[in-house]
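Beneath this line is the structure, given in structure tokens, with notes to follow.
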Amino acid sequence: MDIYSETLLDHYNHPHHAGTLKRPDARSVKHNPLCGDTVSVDIAVTKQRTIGDIAFTGMGCALSQAGMSLLSDHSMGKTLDECVKMTSDTMDSLLGARVSPGRRSCADLGLTAVKDALIDLHQLP
Amino acid sequence: MKRLDDIKKEFPIFERTINGKPLVYLDNASTTQKPRGVISALSDFYSLHNANIHRGIHALSEEATERYEQTRKTVARFINAEVPEEIVFTRNCTESINLVARTWGEMHIGRGDEIIVSALEHHANLVPWQVLCMQKKAKLLVIPLTSEHELDMAAYEKLLSKKTRMVCVTAQSNVLGVCPDLKDLIKKAHARKALVLVDGAQSVGHRRTNVQALDCDFFAFSAHKMLGPTGVGVLFGKYELLEDMPPFLVGGDMVTTVEQYRSFYREVPWRFEAGTPNIADVAAFRSAIEFLDEVGLDSIEAHDRELWQAAFTMLAANPRVRVLVSDACSATSVLPFVIEGVHPHDIATIFDSEGVAIRSGLHCAEPLHRRLCVPATARMSFYLYNTFQDIEMAEKALKKIFKIFSLTP
Ligand SMILES: Cc1ncc(COP(=O)(O)O)c(C=O)c1O
């Protein structure tokens with residue numbers, strides 16, 4: 001079962017960017033009704049319109065939680081335009097495995113939350 | 001009589017492998033596998049007898065009609081309905097329950113009336129009643145659970161009143177496996193002149209059903225959970241109740257005379273079967289029931305219990321695993337569990353990597369999971385073709401989880 005790599009389990013057990021931000025520019029909470037997974041993500045943007053900081057809290061399976069942790073590392077410093085272009089393939093490459101269709105919504109939960117937050121941020125000046 | 005020993009052979013799907021391992025199928029509460037006889041009955045119907053029913057005068061139409069109606073008789077006998085006309089074919093259990101909510105409910109439920117459901121219900125036996133109550137400004141009441149996760153019968157008695165019109169209850173929970181005492185529940189409802197609809201989806205293929213002895217007013221189930229094809233549901237209703245109900249869907253087949261501006265409906269059960277039904281699957285469904293009869297429901301029930309107990313013992317030996325029910329309760333066939341620190345989806349994925357199919361998530365019972373205070377559960381569910389080796393394979397998968405997540409067992 002190569003999806004449960006050491007990296008993934010490490011991120012699951014010790015998530016990076018865990019917590020909340022004091023002054024987020026955007027926040028989004030996503031819930032996976034099929035399994036009860038949740039992710040709440042806070043994003044702060046710099047003047048240059050890059051991701052200045054990101055933090056998340058959540059509950060759920062290893063894929064959704066480690067995926068969000070990996071995605072947080074990956075997003076730091078990226079421009080908003082770069083972030084908007086992230087897809088399920090981004091998640092697969094971060095997780096280092098091709099996620100099965102049944103687990104797609106788990107793996108993509110964090111991505112959905114980040115993209116949802118970005119919609120708000122795009123409207124910022 | 002068929003023997004259970006090597007019944008797996010009669011199910012072609014067990015010839016395949018999953019992730020290089022032999023298939024161990026422990027997701028029977030979702031749907032069951034099909035014996036060769038059912039698969040060939042389906043193919044025979046299309047190869048030899050295919051035609052529309054109740055219409056043509058030609059030989060094929062008569063053969064198709066005969067096969068469709070024969071299954072109705074077989075189902076009636078299987079659940080001991082008084083007459084075959086008490087059996088309505090639908091697409092699935094969900095549609096059967098909707099049929100009652102939309103026709104009987106439309107006619108008999110008004111403002112201030114009360115409908116009782118149990119906390120165990122699958123969404124299929126909850127949402128139709130929520131919607132009906134909202135539309136009619138009626139009240140939906142819920143029978144809670146005891147600490148052992150059985151229905152709280154004392155609380156139920158307090159919920160019953162003059163205003164109770166209908167009690168909707170499952171014969172067996174698809175999450176916990178517990179089986180409410182239906183006879184007692186029905187007697188108490190009838191004493192208050194309320195009707196009872198039983199959701200038999202989980203029980204009907206695992207244990208004998210006798211709708212006359214139960215005295216339930218409606219009994220709903222799906223063919224696919226009892227070795228039959230998908231796309232066939234059954235609604236049993238007492239004849240005098242069905243006769244009094246308006247049609248559900250309207251159009252062809254369910255009418256006697258159609259004038260330009262009004263129509264006259266057929267007698268029951270055909271009044272409730274508008275349009276061309278799922279003829280081939282209904283015809284093949286008969287083979288599933290005959291298969292169950294040949295094995296014997298008493299043997300299946302005993303087999304379920306033995307496997308359940310073995311799996312319970314296997315899981316309970318691991319302190320990291322929490323089984324959601326005790327082995328002193330009414331649960332059988334279905335075994336729900338959680339592992340501290342491992343989400344049920346991860347459990348199911350790792351089981352699958354060992355060829356073991358189980359279900360994880362909310363199992364279409366979200367309010368029940370909220371009551372149980374767990375975000376989701378993993379579930380093994382057994383049927384006649386499962387074996388003790390299957391449980392050994394599940395144990396192997398469990399050990400793999402401990403290893404991957406570095407849990408000390
Ligand atoms: C207890 C119970 N009721 C109803 C249903 C709904 O059956 P179907 O999806 O075939 O309509 C199920 C199926 O999961 C069930 O387990």
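Protein chains get the first letters and strands the later ones, always in sequence-line order, with residue 1 at the start of each.
The six-membered or imidazole ring of H122(B) lies away from that of H363(B), with a centre-to-centre distance of 6.0 Å or more.
Of all residues spanning residues 335-347 of chain B, those with a heavy atom less than 4.5 Å away from chain A's heavy atoms are G341(B), V342(B), H343(B), H345(B), D346(B), arranged by number.
N386(B) contributes a side-chain N or O that, together with a main-chain N or O of Y25(B), makes up a donor-acceptor pair within less than 3.5 Å. For the pair N318(B) (side chain) and R320(B) (backbone), a donor-acceptor distance under 3.5 Å is absent.
For the atom pair OG1 (T87(A)) and CG (D92(A)), the distance works out to 8.0 Å, reported to the nearest 0.5 Å.
Classification of the Y383(B)-Y385(B) ring pair by plane angle, with boundaries at 30° and 60°, yields perpendicular.
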Could you check Y4(A) against F405(B) for ring-ring contact (aromatic ring centres under 6.0 Å, His included), going step by step and ending with a plain yes or no? CA-CA 9 Å; Y4(A) 295 97; F405(B) 283 83; 5.7 Å; yes
